[in-house]
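Worth knowing before you read on, the calculation uses all heavy atoms, side chains too, and leaves out hydrogens, waters and symmetry mates.
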Amino acid sequence: MLVKFLSNDLPRSRLLAAVLVAIVLGLLLAPFLFSGARPLNTAATICIYIVLVASYDLLLGYTGIVSFAHTMFYGIGAYGIGIALARVDEPTWGVALGGLALALLLTVALALVIGLFALRVRAIFYAMITLAVASSFAVLASQLSDFTGGEDGRTFGVPELLTPGFTLFENDVLGRAIDGKVITYYIVFFGCVLLFLFLLRLVNSPFGRVLQAIRENEFRAEALGYRTVVYRVWANVLAALVAALAGALMALWLRYVGPKTSLGFEVMTDILLIVVIGGMGTMYGAVVGATLFILAQNYLKTLMGQASDALAGTPLLAAALHPDRWMLWLGVLFILSIYFFPIGIVGKLRLRRFLAPQR
């Protein structure tokens with residue numbers, strides 16, 4: 001079954017395969033390998049961002065569509081499940097699924113409207129239209145404070161199975177209690193695995209091949225008889241649906257939804273950076289890029305603090321590595337990754353595999 005989903009898009013590099021296996025095993029066993037809330041939160045964020053970035057790569061890397069509305073769909077999914085659970089006294093699975101269903105319907109409607117009207121224009125004009133729509137939606141979410149919670153957002157309860165006080169087994173498993181937080185994590189993990197495998201299979205299907213043909217030469221694809229606008233609209237809708245599901249998983253994990261965590265332009269910036277770091281036009285790039293980026297976001301400041309303390313005897317180096325400068329060094333690391341991996345980390349690893357001398 002797994003091979004069927006992978007199709008012919010295997011890692012094609014031993015090093016890349018080893019990295020992917022290490023990441024998947026690390027995420028699968030994260031609740032048992034690490035203690036504390038921060039590592040588990042980091043692992044859940046990595047899972048969700050892998051799917052979010054992969055869904056955006058379906059547009060940018062495989063279809064050649066530059067969109068700034070992706071966080072809008074991500075936010076719709078988050079707000080759909082968040083608002084539904086926040087408006088009831090006793091949250092249930094039915095309420096959560098109802099809110100998610102409404103969010104997905106709104107996602108499809110908006111993606112179709114944006115696609116039908118905006119994808120007929122070219123390049124930068126479409127990007128500007130999506131940026132305007134996404135900005136308007138973010139302002140609307142902030143203004144409708146009675147409904148969305150405004151700038152403060154909304155916290156909400158979850159079904160009893162996912163509450164921290166719930167314990168699935170009386171005894172610990174591998175030294176860890178299987179409580180509601182662990183169950184929520186595995187819902188996030190396996191949900192993201194299914195969504196990623198769906199995207200991986202999609203881009204390796206005949207539909208995905210047509211999208212790549214449109215990316216390479218839209219006029220030639222149209223001359224071959226493909227209705228390119230229809231394919232581009234469907235790509236937009238499918239990417240939007242996966243982004244909305246990723247947003248719903250993030251809201252379920254955080255038990256909170258707000259404009260900064262779901263609709264902020266910073267999220268869009270992170271997505272773009274991860275796509276470039278991992279490599280455009282390869283789903284595995286989302287896995288590697290999201291893992292490296294989220295780990296750097298969460299632990300670079302801590303590591304710099306430890307290095308600064310260790311170099312206290314060298315004031316210049318200690319000052320350069322002060323934790324307050326972590327954003328500067330994150331930027332430096334991004335520049336270095338672009339310099340050494342201009343086609344992304346995954347692209348570089350695969351290129352090395354093909355350029356290696358044959359025995």
Side-chain angles (χ1 to χ4, degrees), residues 2 5-7 9-13 15-28 30 42-68 70-71 73-74 77 188-205 208 211-212 215 235-236 238-247 249-250 266-298 333-334 337-338 341-351:
L2 183 58
F5 274 104
L6 292 176
S7 187
D9 195 11
L10 298 172
R12 300 199 294 273
S13 166
L15 180 56
L16 176 58
V19 170
L20 292 173
V21 168
I23 291 172
V24 172
L25 288 178
L27 294 175
L28 176 63
T42 302
T45 305
I46 290 173
C47 292
I48 292 165
Y49 265 75
I50 286 173
V51 171
L52 182 60
V53 172
S55 65
Y56 186 72
D57 199 33
L58 176 66
L59 292 178
L60 182 62
Y62 284 90
T63 318
I65 298 173
V66 181
S67 172
F68 291 113
H70 212 59
T71 50
F73 301 120
Y74 176 71
V188 170
F189 175 79
F190 285 110
C192 289
V193 167
L194 291 175
L195 290 172
F196 181 81
L197 289 178
F198 165 74
L199 290 171
L200 189 62
R201 187 69 188 91
L202 182 68
V203 298
N204 289 289
S205 67
L211 294 183
Q212 294 173 61
R215 176 196 65 194
N236 194 50
L238 291 172
L241 282 172
V242 175
L245 289 169
L249 289 174
M250 178 61 89
E266 294 84 359
V267 178
M268 190 71 242
T269 305
D270 291 347
I271 294 172
L272 289 168
L273 291 177
I274 294 171
V275 168
V276 174
I277 292 170
M280 288 189 293
T282 166
M283 287 290 148
Y284 298 121
V287 179
V288 177
T291 301
L292 292 176
F293 188 82
I294 300 301
L295 285 175
Q297 267 194 336
N298 284 273
L333 291 175
F334 174 71
S337 69
I338 297 301
F341 304 98
I343 55 176
I345 295 174
V346 171
K348 186 74 169 181
L349 292 176
R350 282 182 162 180
L351 187 64

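A donor-acceptor pair is defined here as one N or O able to donate and one able to accept, closer than 3.5 Å; no such pair exists between the side chain of S55 and the backbone of A240. With hydrogens and angles disregarded, no donor-acceptor distance shorter than 3.5 Å links the side chain of Y62 to the backbone of R215. Side chain of D57 to backbone of T282: a donor-acceptor contact under 3.5 angstrom is found. In this structure a side-chain-to-backbone donor-acceptor pair under 3.5 Å is present from Q212 to V203.
Between the CG atom of L15 and the CG atom of L20 there is a distance of 9.5 Å, given to the nearest 0.5 Å. To the nearest 0.5 Å, atoms CE (M268) and CG (L273) are separated by 10.0 Å. Atoms CG and CG, on N204 and L199 in that order, are 11.0 Å from each other to the nearest 0.5 Å. Remark: L272 CG to F68 CZ distance equals 6.0 Å, nearest 0.5 Å. Taking CZ from F73 and CG from L245, the interatomic distance works out to 13.0 Å, rounded to the nearest 0.5 Å. Here Y74 contributes atom OH and Y49 contributes atom OH; the two are 5.0 Å apart, rounded to the nearest 0.5 Å.
For the pair L292/I345, a side-chain contact is recorded, criterion being any heavy-atom separation below 4.5 Å from C-beta on. For the pair L52 and I274, the minimum side-chain heavy-atom distance is 4.5 Å or more. For the pair V193 and L27, the minimum side-chain heavy-atom distance is 4.5 Å or more. Taking the side chain as every heavy atom from C-beta outward, F196 and V242 never approach each other to under 4.5 Å.
Taking both residues in full, the closest heavy atoms of N236 and L59 are given as CA-CD2, 3.7 Å, listed atom of the first, atom of the second, then distance. Closest non-hydrogen pair, I277 versus S337, comes out as CG1-OG, 4.0 Å. Nearest heavy-atom pair across L58 and T63 is O-OG1, 2.7 Å. Taking each heavy atom of A239 and H70 in turn, the nearest pair found is O-CE1, 3.5 Å. Nearest heavy atoms, A286 versus V53: CB-CG1, 3.8 Å.
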> Can you list the steps and then say if T45 with M250 is a side chain to side chain contact (heavy atoms under 4.5 Å, CB included)?
Replying inline: CA-CA 8 Å; T45 305; M250 178 61 89; 4.2 Å; yes

>> Under the criterion side chain to side chain contact (heavy atoms under 4.5 Å, CB included), I'd like the reasoning laid out for C192 against V188: C-alpha separation, chi angles, the key distance, then a yes or no.
In response: CA-CA 6 Å; C192 289; V188 170; 4.2 Å; yes

>> Checking L16 against V288 for the side chain to side chain contact (heavy atoms under 4.5 Å, CB included) test, could you report, in this order, the C-alpha distance in whole Å, the side-chain angles of both residues, the deciding distance, and whether it holds?
In response: CA-CA 9 Å; L16 176 58; V288 177; 4.1 Å; yes

>> Let's go through Y284 and I23 carefully: what are the C-alpha distance in whole Å and the side-chain angles of both, what is the deciding distance for side chain to side chain contact (heavy atoms under 4.5 Å, CB included) to 0.1 Å, and is it a yes or a no?
In response: CA-CA 11 Å; Y284 298 121; I23 291 172; over 6 Å; no

